[in-house]
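Just so we're clear, the structure is a prediction, and the values are computed from it rather than from any experiment. Reckoned from all heavy atoms, side chains included, excluding hydrogens, waters and symmetry mates. The residues of the chain are indexed from 1 along the displayed sequence.
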Amino acid sequence: MSTSEFYILTVLAKEKNMRKAAERLFVSQPALSQRLQTIEKSWNTKIFHRTQKGLLITPAGEKIVEFAKEVIQKEAKVKEEIYSLEEHVYGTLKIAVATIVGQYWLPKVLKRFIQAYPHAKVSLITGWSSDILQSLYQDEAHIGIIRGNPEWKGVKQHLLSDKLFLVDTEIEKIEDLRNTDRPFIQFKSDSTYYQEIQVWWHRKFQTAPKRTIVVDQIETCKQMALNGVGYAILPSITLQEEYDQINIIPLSDWKEEMHRDTWLIGYESSFQLKQVEAFMEILDKVLEEQGHS
């Protein structure tokens with residue numbers, strides 16, 4: 001089997017849907033179906049069963065897909081080692097990043113990296129902090145950018161601290177929260193963020209918010225607050241623009257403004273790769289310009 005066939009199997013296993021897999025692979029469904037039949041014939045076994053709900057992997061298929069993932073990872077590592085011998089920066093920079101950072105802060109850094117190193121590629125995984133750690137454990141990323149303060153025994157570098165703000169069109173001070181009937185708009189996040197907000201809230205008011213609205217994305221939460229649906233607690237990383245008729249009030253706890261830390265983590269071996277070294281140089285320049293050095 002070729003590496004491309006191994007990749008096809010991993011995509012099919014992840015999507016569990018022929019149409020979605022075909023879209024990701026930029027091929028037609030009939031072409032993908034024919035390719036799968038050829039692969040199964042070469043293994044002389046059924047890898048996937050088609051059902052009304054999608055693709056169901058067989059026990060034999062699980063072993064084959066696991067083998068395919070190992071081959072792809074090993075090939076990528078060998079290529080990285082070969083690229084590291086070259087003078088120019090090649091290879092793929094694999095980053096796993098917290099969604100908020102990937103959406104609001106990282107793009108500016110990646111733009112400079114891509115402009116400086118046009119031969120390098122970037123693979124980006126976004127998710128909650130727990131997802132980032134899992135990507136590093138499974139060797140799916142060279143470096144992780146994570147929110148909070150993770151327990152990590154490898155390389156760990158502090159990137160930035162952003163303050164937490166109450167954002168609303170009507171509420172002008174924190175004390176107004178005691179009597180307001182406006183809903184508190186929350187976005188789904190990792191447990192440590194929720195915990196910090198809950199501890200602050202109960203310490204401040206001793207009761208839960210009267211009304212809440214829970215949304216799945218921070219940008220949805222932000223737009224609802226900006227449009228007057230209710231109030232939200234947002235990190236400053238999401239509030240980099242000028243807003244009219246919006247009150248942005250810092251959260252404080254024991255006379256200290258509350259903030260959220262962002263860290264870069266990874267294994268020592270990854271930082272020896274040329275593409276990672278190049279990214280870290282760009283990152284250090286950006287942090288210096290932003291005053292985080």
Side-chain angles (χ1 to χ4, degrees), residues 95-111 124-132 144-150 159-205 208-253 256-264 286-287 290-292:
I95 306 176
V97 58
T99 302
I100 294 175
V101 182
Q103 187 172 0
Y104 294 100
W105 184 80
L106 187 61
K108 295 177 182 178
V109 183
L110 288 181
K111 179 182 178 181
L124 191 64
I125 300 171
T126 60
W128 292 354
S129 295
S130 55
D131 299 326
I132 308 309
I145 299 178
I146 196 168
R147 302 282 278 175
N149 192 0
L159 295 183
L160 56 100
S161 293
D162 51 312
K163 299 175 184 177
L164 298 182
F165 291 92
L166 176 76
V167 179
D168 190 44
T169 56
E170 297 184 13
I171 294 173
E172 297 182 349
K173 55 184 183 297
I174 297 296
E175 286 68 25
D176 293 343
L177 294 175
R178 294 183 185 277
N179 304 313
T180 186
D181 289 324
R182 293 173 63 70
F184 178 23
I185 306 170
Q186 297 177 293
F187 62 92
K188 292 181 181 179
S189 182
D190 61 86
S191 58
T192 58
Y193 182 84
Y194 269 128
Q195 186 177 7
E196 287 177 20
I197 299 302
Q198 287 175 347
V199 168
W200 172 84
W201 187 281
H202 284 284
R203 185 177 290 158
K204 197 84 175 175
F205 304 111
K210 294 180 181 179
R211 300 167 63 194
T212 59
I213 297 175
V214 180
V215 297
D216 62 344
Q217 297 289 336
I218 188 171
E219 184 61 24
T220 305
C221 175
K222 173 183 170 182
Q223 291 303 322
M224 291 179 74
L226 294 180
N227 285 278
V229 177
Y231 61 92
I233 294 177
L234 297 170
S236 57
I237 194 173
T238 68
L239 302 170
Q240 300 174 3
E241 305 170 27
E242 295 289 335
Y243 300 105
D244 296 328
Q245 300 177 335
I246 294 294
N247 300 315
I248 301 176
I249 310 160
L251 263 63
S252 60
D253 196 21
E256 291 185 4
E257 292 186 339
M258 293 184 64
H259 65 277
R260 188 79 167 148
D261 289 313
T262 299
W263 294 82
L264 180 142
V286 172
L287 293 175
Q290 295 178 348
H292 298 297

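Applying the side chain to side chain donor-acceptor pair (under 3.5 Å) criterion to Glu170, with sequence neighbours excluded, gives Arg182. In terms of the side chain to side chain donor-acceptor pair (under 3.5 Å) criterion, residue partners of Asn149 (sequence neighbours excluded) are, by chain and number, Lys156. Applying the salt bridge (Lys or Arg N to Asp or Glu O under 4.0 Å) criterion to Asp181, with sequence neighbours excluded, gives Lys210.
For the atom pair CG of Leu226 and SG of Cys221, the computed distance is 9.5 Å after rounding to the nearest 0.5 Å. The line from OH of Tyr104 to CD1 of Ile237 is 9.0 Å long, rounded to the nearest 0.5 Å. Atom CG of Asp261 sits about 12.0 Å away from atom CD1 of Ile146, to the nearest 0.5 Å. To the nearest 0.5 Å, the span separating CD on Gln198 from CD on Gln186 amounts to 7.5 Å. The CG atom of Leu251 sits 6.0 Å away from the CD1 atom of Ile197 when rounded to the nearest 0.5 Å. Atoms CH2 and CD1, from Trp201 and Ile233 in turn, are 6.5 Å apart once rounded to the nearest 0.5 Å.
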*Would you check, one step at a time, whether the test side-chain contact (heavy atoms from CB on, under 4.5 Å) holds for Leu106 with Leu124?*
CA-CA 10 Å; Leu106 187 61; Leu124 191 64; 3.7 Å; yes

_Show, in sequence, the C-alpha distance, side-chain angles and deciding distance for Ile249 and Ile174, and conclude whether the side-chain contact (heavy atoms from CB on, under 4.5 Å) test is met._
CA-CA 7 Å; Ile249 310 160; Ile174 297 296; 4.0 Å; yes

_Verdict with supporting geometry, Leu159 and Leu287, side-chain contact (heavy atoms from CB on, under 4.5 Å)_ = CA-CA 7 Å; Leu159 295 183; Leu287 293 175; 3.8 Å; yes

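Within the 4.5 Å cutoff, side-chain heavy atoms of Ile218 are placed close to those of Gln103. For the pair Ile95 and Leu110, the minimum side-chain heavy-atom distance is below 4.5 Å. Proximity of Trp105 to Leu160: side-chain heavy atoms (C-beta onward) are separated by under 4.5 Å at one or more points. Proximity of Pro250 to Lys163: side-chain heavy atoms (C-beta onward) are nowhere separated by under 4.5 Å. Residues Asp168 and Thr180 have side chains not in contact (no heavy-atom distance under 4.5 Å, counting atoms from C-beta outward). Between Leu234 and Lys222 the shortest side-chain heavy-atom distance falls below 4.5 Å.
Across all non-hydrogen atoms, the minimal contact from Asp162 to Pro235 is OD2-CB, 2.9 Å. In plain terms, the two heavy atoms of Ile246 and Val167 that are nearest each other are CG2-CG1, 3.6 Å. Across all their heavy atoms, Lys204 and Ser252 have their closest contact at NZ-O, 4.5 Å. Closest approach of Thr238 and Ile100 over heavy atoms only: CG2-CG2, 4.1 Å.
Side-chain N or O atoms of Trp263 include none that pairs as donor or acceptor with a backbone N or O of Gly144 at under 3.5 Å. Remark: the backbone N or O of Thr126 is not paired with any side-chain donor or acceptor of Thr99 at under 3.5 angstrom.
Relative ring orientation between Phe187 and Tyr193 is described as tilted, the plane-to-plane angle lying within the 30° to 60° band.
Counting non-hydrogen atoms of neighbouring residues, nucleotides and ligands closer than 6.0 angstrom, the CD atom of Gln245 reaches no more than 12 such neighbours.
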